[in-house]
Amino acid sequence: MNWSIALAALWGVVANVLAMIPSKDNLWTRAYFLIAAGIPIVGYVTLQNGPWIGLIVLVAGISVLRWPVIYLGRWLRRILGAAQ
């Protein structure tokens, strides 16, 4: 196992531990931190292991951070719907 996959696995463990701790802001601060840390990790995985493994890691990260992705999709739909 190379370092990029190990970092992605560590990111997944940290994300799950952070999700178990109660929060007053519905975990949004932690989500921003995980997004900021996860983007370079996905790039590193893609660089070392190729685009298919990078895509698998990206989908795994999206499954953990699903609500920020849902809100992003709603925002984009609202913006693109207003432009038409």
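Bear in mind the structure is a predicted one, so any value in this text is a computation, not a measurement.
- At distances below 3.5 Å, at least one donor-acceptor pair connects side-chain atoms of Trp11 with backbone N or O atoms of Leu34.
- Separation of atoms CG (Leu65) and OH (Tyr32) is listed at 11.5 Å; rounding is to 0.5 Å.
- Rounded to the nearest 0.5 Å, atoms CG (Leu27) and CE (Met20) are 11.5 Å apart.
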For Val42 and Leu55, run side chain to side chain contact (heavy atoms under 4.5 Å, CB included): C-alpha distance rounded to whole Å, both residues' side-chain angles, the deciding distance at 0.1 Å, then the answer.
-> CA-CA 8 Å; Val42 170; Leu55 186 64; over 6 Å; no

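- The main-chain N or O of Thr29 is found under 3.5 Å from a side-chain atom of Asp25 such that the two form a donor-acceptor pair.
- Here the OG1 atom belonging to Thr46 is positioned 11.5 Å from the CD1 atom belonging to Ile41, to the nearest 0.5 angstrom.
- Transitive grouping of hydrophobic side chains (ILVMFWY, heavy atoms separated by less than 4.5 Å) keeps Val64 and Ile70 in distinct clusters.
- Tracing side-chain contacts under 4.5 Å through hydrophobic residues (I, L, V, M, F, W, Y), one reaches Trp3 starting from Leu10; they form part of the same cluster.
- Note on Leu47: it does not cluster hydrophobically with Val57, by side-chain heavy-atom contacts below 4.5 Å among ILVMFWY residues.
- Residues Val14 and Trp67 are members of separate hydrophobic clusters, defined by side-chain heavy-atom contacts under 4.5 angstrom among Ile, Leu, Val, Met, Phe, Trp and Tyr.
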Evaluate the criterion ring pair (Phe, Tyr, Trp, His ring centres under 6.0 Å) for residue pair Phe33 and Trp28; output intermediate values, then yes/no.
-> CA-CA 9 Å; Phe33 166 75; Trp28 281 102; over 10 Å; no

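- Of the possible donor and acceptor atoms, none in the side chain of Arg30 sits under 3.5 Å from a partner among the backbone N and O of Ser23.
- Using a 4.5 Å heavy-atom cutoff, the side chains of Val45 and Leu58 are not in contact.
- For the atom pair CD1 of Ile35 and CD1 of Ile62, the computed distance is 10.0 Å after rounding to the nearest 0.5 Å.
- To the nearest 0.5 Å, atoms CD1 (Ile21) and CG (Asn16) are separated by 11.5 Å.
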